[in-house]
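Everything on this sheet refers to the single structure shown next.
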Amino acid sequence: MNQQQPVWVVILAAGLGTRMKSNWAKVLHRAGGLPLIEHVVRTAIQLVPPDQVYVVVGYQGDRVREAVSSYGVRFAVQTEPRGTADAVASTRSFLANCDGLLIVLYGDTPLLGPATLRRLLAHHQQSRPAATLLTMTLDDPTGYGRILTHPDGSVRAIVEERAATAEQRRIRRVNTGIYCFDNRKLWQFIHRIQPNNPAGEYYLTDIVELFDSAGLPVHAVELEDPTEALGINTRIDLARVDRILRERKAKELMLAGVTIEYPETVRIDVDVQVGQDTRIGPFAQLLGKTVVYEDVEIGAGTIVKDCWIGRGAMIHPYCVLADSRVEAGAIIGPFARLRMNCYIGTGAAIGNFVEMKNTRFGPGSKAMHLAYLGDAEVGAEVNIGAGTITCNYDGVRKHPTFIRDRAFVGSNVTLIAPVEVGPGSYIGAGSVITDPVPADALGLGRARQIVKEGWAKRRREQQAASATPNTNLEPPEGCSTQHT
Ligand code: UD1
Ligand code: MG
């Protein structure tokens with residue numbers, strides 16, 4: 001056993017993913033809220049430092065790089081997707097002259113955990129064969145390379161589904177696509193692989209037979225839980241892996257003291273954090289980098305993406321919140337929408353059918369029904385009446401609205417931005433506010449009501465007296481009429 005041997009990891013992510021039927025590279029598709037390749041990179045860097053990880057990119061390489069470049073991994077380029085062996089060979093100039101071990105991972109197997117990789121590595125370091133494969137046994141091995149073994153259990157060859165005979169297809173032990181190689185031996189043999197298979201590709205799996213013919217042993221370590229190496233080739237595989245990631249996340253949170261009603265219905269991305277005694281209703285979705293503190297209520301069907309939700313906040317059912325911060329004890333919804341950098345202060349309340357965009361809403365303020373606040377700064381203890389609208393867009397530019405502390409904005413007020421409503425002021429219902437309202441003033445901007453005594457009664461009497469209804473009647477005030 002030689003613990004000192006350096007270890008590199010190569011992750012193959014250059015393929016098109018034809019079976020996905022997609023314009024996007026397969027490894028960019030998401031499961032558990034992250035691109036597939038990101039899951040694999042995260043696992044790899046738990047095993048070796050990031051600068052010992054090479055991601056092989058090709059199809060949509062720039063996008064794949066962008067998805068994982070923040071981890072500090074390195075990249076190699078496969079110019080044409082000529083198969084998995086060719087993809088590994090694209091790291092030749094970086095790795096071919098190194099002593100040590102090379103672990104190959106496929107970018108389309110995102111459930112793999114670091115403990116399994118450590119087990120594979122430990123076996124290899126102890127026995128030192130030319131290669132150690134991770135294998136698994138499946139009830140339905142369709143699509144995977146089948147493992148052919150010698151009587152002593154060592155591996156003789158891997159035969160790909162498309163090249164397999166009917167008998168070989170019945171073999172249920174398959175290749176996971178995860179290998180540990182003696183690096184020198186890999187580079188000694190990889191160029192001998194030929195594309196003589198129905199797909200015309202250079203199959204990395206063919207190296208096993210080459211090693212075997214040269215008398216070099218190939219070992220296999222069997223995976224205990226085959227779900228860990230589920231490879232994604234179709235959208236059906238993607239949905240299956242996504243469901244497994246969500247189940248894992250829900251279980252992890254429930255064990256940490258979060259209540260989840262009907263956990264099979266919720267969607268919680270892998271990076272989401274949720275505090276103890278928070279309750280999550282059916283069909284809720286917590287996405288991206290959302291952080292939810294303790295004792296929060298997330299109502300049924302509510303979607304929260306990249307938000308920070310403070311302790312004891314109550315998010316009623318069917319709200320949609322994105323890129324916003326909700327302070328402790330605030331109450332939101334049902335049916336509310338916050339987007340683009342909203343800030344909701346401590347104990348504030350936002351009711352049904354209220355939308356806020358890029359708005360700061362101070363502590364204790366309330367907007368309980370049917371309002372739109374965009375690019376607004378609302379102070380503390382403000383009341384926003386039902387139907388209040390900020391007119392923040394003039395067709396070209398967005399303008400701010402300032403509503404200072406303790407202002408009372410009546411129902412159905414239209415605030416034409418830029419405009420300021422002073423502290424402690426009062427805006428009459430139905431006003432259109434175009435000019436600043438000073439502190440403690442009343443702002444009123446609406447037409448005066450008129451009352452015509454007895455008008456309705458006279459109209460009814462005229463209708464009753466008329467032989468043909470709806471003729472010769474006094475028209476309602478303000479209506480044009482053909483009668484002169
Ligand atoms: C591969 C294995 C198969 C194994 C299965 C496990 C081969 C020949 N077959 O089949 O034995 O059971 O994975 O999931 O290796 N890639 C490149 N460049 C290429 C081709 C592929 O980078 O030219 C990358 C893909 O982006 C993908 C990975 O390699 O991440 C695997 O390719 P894929 O086409 O999915 O191989 P499988 O048919 O699944
Ligand atoms: Mg695959």
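For the numbers below, each heavy atom of this structure counts, side chains included, while hydrogens, waters and symmetry mates do not. Every number for a ligand or one of its atoms is a count from 1 in the order of the listing.
Atom 8 (C) of ligand 1 has its closest protein heavy atom at Y203 CD2, 3.2 Å. Counting protein heavy atoms only, atom 7 (C) of ligand 1 is closest to T84 OG1, 3.5 Å. In terms of protein heavy atoms, atom 13 (O) of ligand 1 is closest to Y106 CE1, 3.2 Å. Given atom 17 (C) of ligand 1, the protein heavy atom at minimum distance is G15 N, 3.4 Å. When hydrogens are left out, the protein atom nearest atom 30 (O) of ligand 1 is L12 O, 3.0 Å; that is the closest non-hydrogen contact. For atom 23 (O) of ligand 1, the nearest protein heavy atom (residue, atom name, distance) is G83 N, 2.7 Å. With respect to atom 12 (O) of ligand 1, the closest heavy atom belonging to the protein is N175 O, 2.6 Å. When only non-hydrogen protein atoms are considered, atom 22 (O) of ligand 1 lies nearest to A14 N, 2.8 Å.
Cation-pi geometry between R63 and W24 is met: the NZ or CZ atom falls under 6.0 Å from the ring centre, inside 45° of the normal.
F211 and F189 have their aromatic ring centers within a separation under 6.0 angstrom. If you look at H219 and H123, their ring centroids are closer than 6.0 Å.
When non-hydrogen atoms are compared, ligand 1 lies under 4.0 Å from the side chain of E160 (C-beta onward) but not from its backbone. At a 4.0 Å heavy-atom cut-off, ligand 1 touches A13 through the backbone alone. Contacts with ligand 1 closer than 4.0 Å are made by no heavy atom of E80, backbone or side chain. The side chain of T205, and not its backbone, has at least one atom closer than 4.0 Å to an atom of ligand 1 (non-hydrogen atoms only; side chain from C-beta on).
Side-chain polar atoms of Y144 and E160 form no donor-acceptor pair below 3.5 angstrom. Side-chain atoms of Y202 and D206 include no donor-acceptor pair closer than 3.5 Å. Between the side chains of S22 and H29, at least one donor N or O sits under 3.5 Å from an acceptor N or O. Between D323 and N341, the side chains place no donor N or O within less than 3.5 Å of an acceptor N or O (distance only, hydrogens not considered).
For ligand 1, the atoms closer than 4.0 angstrom to any heavy atom of Q78 are 17 (C), 18 (N), 19 (C), 22 (O), 23 (O). The ligand atoms of ligand 1 that sit less than 4.0 angstrom from a heavy atom of A87 are 17 (C), 18 (N), 22 (O). Close approach of ligand 1 to P81 is summarised as follows: ligand atoms under 4.0 Å from at least one heavy atom of the residue are 23 (O). The G145 neighbourhood of ligand 1 comprises atoms 3 (C), 4 (C), 11 (O), 12 (O), with distances under 4.0 Å to a heavy atom of that residue. For ligand 1, the atoms closer than 4.0 angstrom to any heavy atom of Y144 are 6 (C), 12 (O), 14 (O). Using a 4.0 Å cut-off to heavy atoms of T176, the atoms of ligand 1 that qualify are 6 (C), 14 (O). Shown in contact with R82 at under 4.0 Å from a heavy atom are these atoms of ligand 1, numbered in order with element: 23 (O).
With hydrogens and angles ignored, the 3.5 Å screen pairs no side-chain donor or acceptor of E201 with any backbone N or O of N196. Here the side chain of Q78 pairs a donor or acceptor atom with the backbone of G83 at under 3.5 angstrom.
Between E294 and R311 there is a salt bridge, since a side-chain N of the basic residue sits under 4.0 Å from a carboxylate O of the acidic one. The pair R248-E252 fails the salt-bridge criterion, with no side-chain N (NZ, NE, NH1 or NH2) lying under 4.0 Å from an Asp/Glu carboxylate O. Between D271 and R42 there is a salt bridge, since a side-chain N of the basic residue sits under 4.0 Å from a carboxylate O of the acidic one. At a threshold of 4.0 Å, the pair E222-R173 counts as salt-bridged, since one of the basic side-chain nitrogens sits closer than that to a carboxylate oxygen.
Between the choices K26, R162, R19, E201, the shortest heavy-atom distance to atom 38 (O) of ligand 1 belongs to R19.
For the ligand labelled ligand 1, residue D86 lies outside the 4.0 Å heavy-atom shell. Residue contacts with ligand 1 include N233, since one of its heavy atoms falls under 4.0 Å from the ligand.
The side-chain contact (heavy atoms from CB on, under 4.5 Å) test with I178 singles out one residue from L133, L105, T135, V104, and that residue is L105.
Its N, O or S atom nearest to the Mg ion (ligand 2) is what matters here, and for D108 that atom is OD2.
N233 lies close to the Mg ion (ligand 2), since one of its N, O or S atoms is found at a distance under 2.8 Å.
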